[in-house]
Amino acid sequence: MTRKKLVSVLLGSTAAAALLLSSAPASAASTATKAGAASARAGIERDSVSCSKPKGKWANYSWGEGNTTATIYFNNHCSHKVSVKIMFVRKGSVGDKAAKYRCMTVNANTKGKKKFYAAAYKPYSVSRVARCS
C-alpha cells in the first residue's frame with residue numbers, strides 16, 4: 001500500500017470512529033430516557049370497560065396514587081355516558097383486600113380526570129355499573 005492510500009484509510013477509519021463515539025452518548029442518553037419513562041409508567045395502572053354503542057369502542061381509565069389522593073384519568077370513546085364503580089383497597093393489605101367503592105360517571109366522548117381523597121386506600125379496579133346512585 002502506498003503512503004497516500006494509507007493516510008486516507010487512516011483518516012477514514014478515524015472519522016468513522018469519531019462518528020461512532022459521538023453517537024454513543026446520544027444513544028446511551030436515549031436509552032436512559034426510555035428506561036426512566038418505563039419506570040415512571042410502571043406506577044400507572046389501567047383498566048377499560050366496553051361501550052354499548054358503538055361496538056368495539058372502550059372507555060379507558062388509568063390512575064396513579066399520591067400520598068393522600070388518587071387521580072383517576074378517563075377517556076370515554078362511547079357515544080353515551082358511562083358509569084363505573086372504582087374499587088379502592090387498603091394500602092398494605094395482603095389477603096383481606098379491605099375495600100371501599102366510589103362511583104364515577106363520565107359524559108360521552110370526553111376525557112379528563114377526577115381526584116379522590118383516599119389516604120389509606122389505593123385504586124385497584126374499575127367495573128361498569130348501570131348508574132351511580
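From a predicted model like this one, the values you see are computed outputs, not experimental measurements. Residues take their numbers from the sequence shown, with the count starting at 1.
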**Item:** Worked verdict on Phe74 versus Val82 for side-chain contact (heavy atoms from CB on, under 4.5 Å)
**Value:** CA-CA 10 Å; Phe74 59 88; Val82 174; over 6 Å; no
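- The list of ring-ring contact (aromatic ring centres under 6.0 Å, His included) pairs with a residue in residues 102-123, not counting sequence neighbours, reads Phe88-Phe116.
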Got a list of side-chain donor-acceptor pairs under 3.5 Å for residues 99-114, not counting sequence neighbours?
residue	atom	partner	partner atom	Å
Thr105	OG1	Ser83	OG	2.8
Thr110	OG1	Asn107	O	2.8

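- With a 4.5 Å cut-off on side-chain heavy atoms, Tyr73 and Ile44 do not count as touching.
- The two residues Thr71 and Lys115 make their nearest non-hydrogen contact at OG1-CE, 4.0 Å.
- By the side-chain hydrogen bond (donor to acceptor under 3.5 Å, both in side chains) test, Ser48 pairs with Asn60, sequence neighbours left out.
- Sequence neighbours left out, the pairs with a member in residues 44-79 that pass disulfide bond (SG atoms under 2.5 Å apart) are Cys51-Cys78.
- The distance from the OG atom of Ser125 to the CH2 atom of Trp63 is 6.5 Å, given to the nearest 0.5 Å.
- When all heavy atoms are compared, the tightest approach of Ile72 to Tyr61 is CG2-CD2, 4.1 Å.
- The side-chain contact (heavy atoms from CB on, under 4.5 Å) test applied to Lys53 returns Ser79, His80, not counting sequence neighbours.
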